[in-house]
Amino acid sequence: MLVYAKVIVDVPTGGTDRPFDYYLPEALAENASKGMRVLVPFGQRKLTGFIVDIVSETKLEKVKSVSELLDLTPVLNNELLRLGEWLATETICFQITAFQSMIPAAMRAKAMKKLSLLSKREKLPMNVQALFGQADEVDWAQVPADARLLRDIRNEAEQGHLTMKYALKDQAKHRKVKAVVIQRYETPPATEKQKQALLFMAEQYGEGELVAIQILMKQAAISRSVVNTLIKNDYLQEKEIVIDRNPYTDAEEDGNEEKATLTSDQTDVLAKVKKNITQSQATPMLLHGVTGSGKTEIYLQAIDQLMEAGKEAIVLVPEISLTPQMVERFKKRFGANVAVLHSALSVGERFDEWKKIQEKRVQVAVGARSAVFAPFTNLGLIVIDEEHESSYKQEEYPRYHAREVALWRSRYHDCPVVLGSATPSMESYARAAKGVYELLSLPERVNQKPLPDIELVDMRLEMREGNRSVFSTSLLEKLRDRLKKGEQSVLFLNRRGFSTFVMCRNCGYVGMCPHCEISLTYHQRDGQLKCHYCGHEERLYERCPSCESAHIRYFGTGTQRVEEELQQLLPEARIIRMDNDTTRKKGAHERLLKNFGAGEADILLGTQMIAKGLDFPNITLAGILAADTLLHLPDFRAQERTFQLLTQVSGRAGRDEKAGEVVIQTYNPEHYAIQLAQSHDYLSFFKKELGQRKQAGYPPYYYLTLITFAHPNYATAMKAGEHAGRVLRSNLGEDAIVLGPTPSPIARIKDRYRCQCMVKYKDEPALTELLRELFTYFQKEIQQDQRFITIDRHPNMFM
DNA sequence: AGCACGCCGACT
DNA sequence: GTCGGCGTGCTC
């Protein structure tokens with residue numbers, strides 16, 4: 001008899017990062033299985049947890065019982081349980097953290113404590129009575145931590161007047177709507193309207209069929225009060241039904257879109273992908289195709305075929321290119337057979353989409369990073385589009401890279417992975433060059449059009465000629481030309497390295513965050529200075545806090561300021577600005593793009609978010625206002641990122657019949673990343689950059705691991721770093737290089753000093769275990785995201 | 001993480 | 001003498 005459940009409880013600390021044994025009462029044992037969430041007693045509390053195993057015996061003398069099963073079917077199947085284990089091991093995090101990140105937020109239920117009244121409230125002391133007011137239950141989190149009150153509560157509980165109840169935190173799950181069903185229709189109702197409504201119900205839906213009231217009202221053109229009367233007089237019965245939220249109501253879901261005719265290059269590539277799918281080869285393939293070469297069409301057709309064979313597919317897309325356009329394309333092709341998962345959806349919407357996958361109502365999942373955990377059981381293909389994108393790496397625990405998870409799942413399912421990009425990451429292209437990945441390429445655009453001409457504008461010369469504007473003469477002239485012809489332009493401004501800080505022109509004082517080693521950013525919208533790391537805010541001072549001069553100036557170029565300048569230079573231009581400010585509201589991103597697509601504006605000005613995915617035929621000019629901003633960041637990937645970005649933005653122009661043109665403004669026109677982007681020469685860039693990486697000892701020649709220590713006391717952080725450095729140096733092989741500890745680039749965040757060690761290595765099988773030991777050793781305070789030690793394997797960011 | 005247990009300083 | 005500070009250690 002299998003009567004004991006091994007449970008990982010929802011306590012993310014070192015001491016509890018292992019299974020705990022619980023007895024499964026008979027009533028539960030029958031329905032319990034691995035991967036289900038449960039409610040269990042743990043110390044004085046009740047917690048949620050995951051059953052990771054069910055066994056017949058336990059070594060413990062006394063065990064507590066599982067209180068409740070929270071699922072009817074497991075939320076984590078066997079594959080995902082194993083994947084979670086692997087994830088925790090590889091990324092050095094807790095099991096529970098790995099599991100939680102694999103399921104939708106709506107299912108990450110926390111047990112909530114509620115204080116509940118058992119006897120007449122008059123019997124209670126006044127302070128406790130005041131706490132309850134008119135209610136019978138009080139949320140424990142709302143109870144103030146007043147010693148006297150807490151003592152009184154405990155007293156009353158001992159006397160049986162109060163008790164603690166555990167409820168699951170109310171999470172938006174299924175969406176329920178009111179619906180009606182015919183109850184009787186022999187005796188005709190009183191009014192004409194009611195007769196009409198009932199007749200409509202009977203004819204359209206018949207007996208026993210539930211119809212949402214909203215829908216009935218619309219279809220039968222009757223008001224709510226008619227329905228209410230019918231319900232009141234027992235003609236109709238009111239019930240609740242569960243429906244899917246449909247976040248993409250605009251998308252047509254006909255699922256009949258014609259397949260595009262493929263070029264011969266595309267046909268070849270598709271054949272290779274199909275071959276690996278049908279032969280169940282867990283081969284990673286790198287699809288290197290220039291912008292506009294029709295990579296998506298290949299994914300679509302490959303998926304078409306595997307769906308017929310009853311298999312399933314995951315398509316990962318970077319968050320910012322998961323635009324309605326992109327989603328619509330999949331919906332048009334596969335109709336209701338697609339689930340879409342991304343962060344703009346509400347918690348409830350995501351849950352619905354996830355449920356579609358789990359219940360096998362769809363065969364395709366399209367989504368951002370976390371969609372790689374889609375609970376399919378018969379995967380035939382995983383696609384990672386724009387595989388070089390840094391957003392595939394999660395920047396919090398578990399710090400996984402979706403590419404590595406995809407490769408793990410591909411080996412589990414014996415299915416191929418396709419990594420697609422116009423500018424593959426150095427790591428991936430190097431693997432393809434070595435034959436670890438199968439290299440596929442699409443060197444030409446589908447429309448046979450050449451890639452757009454790119455003009456480099458040397459901003460130093462502009463400056464020398466007296467042009468102090470953000471816009472070069474040439475770019476401005478081209479913008480005017482497009483305006484005249486009624487064609488559209490996109491302008492790209494990279495905000496990174498461009499934060500608008502405030503400086504006193506008299507004494508040079510710069511507003512800094514009092515808690516972080518970083519300058520404050522000026523937000524024009526509300527006139528506040530804000531810290532981007534800890535959220536600290538203060539009002540913009542009228543006089544310099546240091547010298548009391550009134551000569552305060554904002555430096556840097558925000559999109560707002562560029563917009564203002566552009567509007568002055570081109571008063572007749574209709575401009576749409578897209579940045580964090582204008583797209584914060586739900587659906588705003590969508591709406592702005594739609595307006596631009598409909599020709600309601602001439603110029604689209606934006607940040608990162610416009611670099612990809614937009615595919616409008618009338619765009620004939622793309623401008624990059626400052627190509628160098630990325631180039632000089634203290635990051636070994638700066639050149640790679642610059643090349644990628646320039647190539648992506650250039651790809652926005654001339655995707656249709658009209659030829660496209662690109663202007664890149666730069667202070668470093670001779671830099672190889674910029675030169676080679678101009679000549680559309682990925683391969684030369686790859687070779688040149690590879691040499692640089694080899695020389696400096698960076699990926700793909702070395703793997704990296706970054707260990708950060710953060711503590712209110714600088715010396716404590718440094719001491720920990722030194723200890724870690726010693727341990728690593730004495731335990732790793734000769735090839736490994738351990739750097740540091742050195743103060744982190746941002747030396748203080750939220751009043752905690754930060755220092756870091758960097759490990760560069762080639763082959764260190766023991767490193768994972770060593771890191772785990774360090775992690776456990778330094779496992780101290782964790783408050784929110786503030787941990788003493790943070791280990792980031794294969795880091796993307798070094799701040 | 002919580003929560004209890006436990007061992008020292010300042011109050012009814 | 002007690003209350004209550006928060007260091008330590010455990011939770012099946």
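Convention: sequence-line order gives letters A, B, ...; per-chain numbering from 1.
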Could you state the atom-to-atom distance from CG of A/L39 to P of C/dC12 in whole Å?
13 Å
A/Q44 side chain: which of C/dC12, B/dC3, B/dA1 is closest?
B/dC3
side-chain hydrogen bond (donor to acceptor under 3.5 Å, both in side chains) partner of A/T377, chosen from A/E79, A/Q358, A/K360, A/H413:
A/K360
Rounded to whole Å, CZ of A/R787 lies from P of B/dA1 at a distance of 9 Å
Once you apply a heavy-atom cut-off of 4.0 Å, does A/P41 come out as touching a base, just sugar-phosphate, or nothing?
sugar-phosphate
Nearest-Å distance for atom pair CD1/P, residues A/I96 and B/dA1
14 Å
What nucleic acid atoms does A/Y22 come within less than 4.0 Å of, heavy atoms only: base, sugar-phosphate, or nothing?
sugar-phosphate
Hey, is A/E427 close enough to A/R637 for a salt bridge, meaning N to O under 4.0 Å?
yes
Rounding to a whole Å, what distance do you find between A/D21:CG and C/dT11:P?
12 Å
A/K64 has an atom NZ; how far is it from atom P of C/dT11, in whole Å?
9 Å
Taking atom C1' of B/dG2 as reference, at what distance in whole Å does atom CZ of A/R45 sit?
4 Å
What's the CG-P distance between A/D53 and C/dC12, to the nearest Å?
19 Å
When the ring planes of A/F20 and A/F42 are compared, do they come out parallel, tilted or perpendicular, using 30° and 60° as the limits?
perpendicular
Quick one: which of B/dA4, C/dC12, C/dT11 gets closest to the side chain of A/L60?
C/dC12
Between the side chains of A/S370 and A/R350, does any donor sit under 3.5 Å from an acceptor?
yes
From CZ of A/F94 across to P of B/dA1 the rounded distance in Å is 8 Å
Could you check whether A/V63 gets within reach of a base, just the sugar-phosphate, or nothing at all, counting any heavy atom under 4.0 Å?
sugar-phosphate
